[in-house]
J.: 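Mind having a look at this structure? Questions to follow.
Only a predicted model underlies this, so the values are computations on that prediction, with no experimental measurement involved. Whatever order the structure lists them in is the order used to number ligands and atoms, beginning at 1.
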Amino acid sequence: MIIRKTAGELEKMRRSGLLVWEILQKLAGMVEEGITTLDLEVAAQKMMDDAGARPAFKGYYVPAAGEKYKYVLCTSVNDEIVHGMPSAKRVLRSGDVVSVDTGVQLDGYYGDSALTIPVGEISPETERLLRVTRESLELAIGQVRAGNRLFDVCGTVERHVTSNGFSVVREYVGHGIGTQLHEEPQVPNYIDRKNENPRLKEGMVLAIEPMVNAGRPDARVRPDRWTAVTKDGSYSAHFEHCVAVTSNGPWVLTRP
Ligand code: MF3
Ligand code: CO
């Protein structure tokens, strides 16, 4: 069942969304050669504490990993797609890209967002990967309106990515969000005809999160049981926003 939110609930989700946005902006400003992904984790933890927010990811049980996640951020560098773990050993270097994904719970409601940040000078092809992934999210956001269907959102990401010569990851998907971090429906970055194709209605909230590989779509999980990487070693990008269906069209909760 897809849970629709009232105007009052959306206001609460807005507060979570704006906090996540603020945290990601701050982290993006910190990224430079020489800092570690654990530096980002520590800064994010402090911002959540200061705001009185509960981290959405820390303590979240993921069956595939068989344990709870231990950090407030996922920091995925270069060929890491998602669920990279912050580490003092992961020093960022010019030419790297780091995807930072985080979520909070405030007053019972979740916000969840991600962006991929370049470190120093990145190659033109990596620049293009980030641009196309960001564009695919923006185009998908434009489809979040009452009367459209879920596949309009999913297919828009897929079409933009593949027509630009990149590939969408199939193992990880976006999701509904509300009082749970992950609610129905699943929001794949491709049309999955095994799934239903519900009509979008006012009050639905989707976390849309294209994960895009420069090379082949195939993913594998490292022996740490968390870090998803591209099989071919190509770079991967990830952007995510929470978007509500309103009578005025899409409302991106995770940015001003
Ligand atoms: N990044 C995932 C999402 O956007 C959730 C992370 S799972 C966790 O839905 F265990 F890492 F927290
Ligand atoms: Co998400």
J.: Which residue owns the protein heavy atom closest to atom 7 (S) of ligand 1, what's the atom, and how far is it?
T.: H83 NE2, 4.0 Å

J.: Under 4.0 Å from a heavy atom of Y60: which atoms of ligand 1 are those, numbered in the order shown and with their elements?
T.: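 Per the distance check, 10 (F).
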
J.: What protein heavy atom sits nearest atom 9 (O) of ligand 1, and how far off is it?
T.: H182 NE2, 2.6 Å

J.: Taking both backbone and side chain into account, is any N, O or S atom of D101 nearer than 2.8 Å to the Co ion (ligand 2)?
T.: no

J.: Need the ligand 1 atom indices (1-based, order shown) with element for anything under 4.0 Å from a heavy-atom of C74.
T.: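 The atoms of ligand 1 under 4.0 Å from a heavy atom of C74 are 11 (F).
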
J.: Is the gap between the ring centers of H83 and Y69 under 6.0 Å?
T.: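 Between Y69 and H83, which both carry aromatic rings, the centre distance is not below 6.0 Å.
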
J.: Are any of the side-chain heavy atoms of H241 and I208 separated by less than 4.5 Å?
T.: no

J.: Rounded to the nearest 0.5 Å, what's the gap from CG on D96 to CD on E121? Could you check?
T.: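 With rounding to 0.5 Å, CG (D96) is 13.0 Å from CD (E121).
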
J.: Assess whether a salt bridge exists between E80 and R222, defined as any Lys/Arg side-chain N lying under 4.0 Å from an Asp/Glu carboxylate O.
T.: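 A salt bridge is present here (some side-chain N lies under 4.0 Å from a carboxylate O).
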
J.: Could you tell me, atom by atom, which parts of ligand 1 come under 4.0 Å of a heavy atom of V62?
T.: 10 (F)

J.: Check the side chains of E67 and Y61 for a donor-acceptor pair under 3.5 angstrom, ignoring hydrogens and angles.
T.: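 No, E67 and Y61 have no side-chain donor paired with an acceptor closer than 3.5 Å.
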
J.: Which atom, among the N/O/S set of E240, is closest to the Co ion (ligand 2)?
T.: OE2

J.: Less than 6.0 Å separating the ring centroids of H182 and Y110?
T.: no

J.: Identify the closest protein heavy atom to atom 1 (N) of ligand 1: which residue and atom is it, and at what distance?
T.: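 It is D101 OD2, 2.5 Å.
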
J.: When you measure from the Co ion (ligand 2) to the N, O or S atoms of H182, does any of those distances fall below 2.8 Å?
T.: no

J.: Quick check on contacts: which atoms of ligand 1 are under 4.0 angstrom from a heavy atom of W226?
T.: 10 (F)

J.: What do you reckon, does E240 have a nitrogen or oxygen under 3.5 Å from a nitrogen or oxygen of ligand 1?
T.: yes

J.: Verify whether one side chain among S123 and T126 offers a donor that lies under 3.5 Å from an acceptor in the other.
T.: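 Note: S123 and T126 side chains meet the donor-acceptor criterion.
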
J.: Is it true that E127 and R131 have a side-chain N and a carboxylate O under 4.0 angstrom from each other?
T.: no

J.: To the nearest 0.5 Å, what is the distance between CZ (R170) and CG (N189)?
T.: 10.0 Å

J.: What N, O or S atom of D112 is found closest to the Co ion (ligand 2)?
T.: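 The closest N, O or S atom of D112 to the Co ion (ligand 2) is OD2.
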
J.: Can you name the N/O/S atom of E209 that is nearest the Co ion (ligand 2)?
T.: OE2

J.: Answer side chain, backbone, both or neither: which part of Y69 comes under 4.0 Å from ligand 1, heavy atoms only.
T.: side chain

J.: How about S236 and N213: does a side-chain donor come under 3.5 Å of a side-chain acceptor?
T.: yes

J.: Among side-chain atoms of H175 and Q186, is any donor-acceptor pair under 3.5 angstrom?
T.: no

J.: Heavy-atom contacts with E209 under 4.0 Å: which atoms of ligand 1 show up? List them by number with element.
T.: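 Those of ligand 1 that fall under 4.0 Å from E209 are 3 (C), 4 (O), 9 (O).
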
J.: Any idea which atoms of ligand 1 are less than 4.0 Å away from a heavy-atom of H175?
T.: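 Reading through ligand 1 atom by atom, the close ones are 3 (C), 4 (O), 9 (O).
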
J.: Counting each atom of ligand 1 from 1 as listed, which ones have a heavy atom of D112 under 4.0 Å away?
T.: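 In order of number, 3 (C), 4 (O), 9 (O).
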
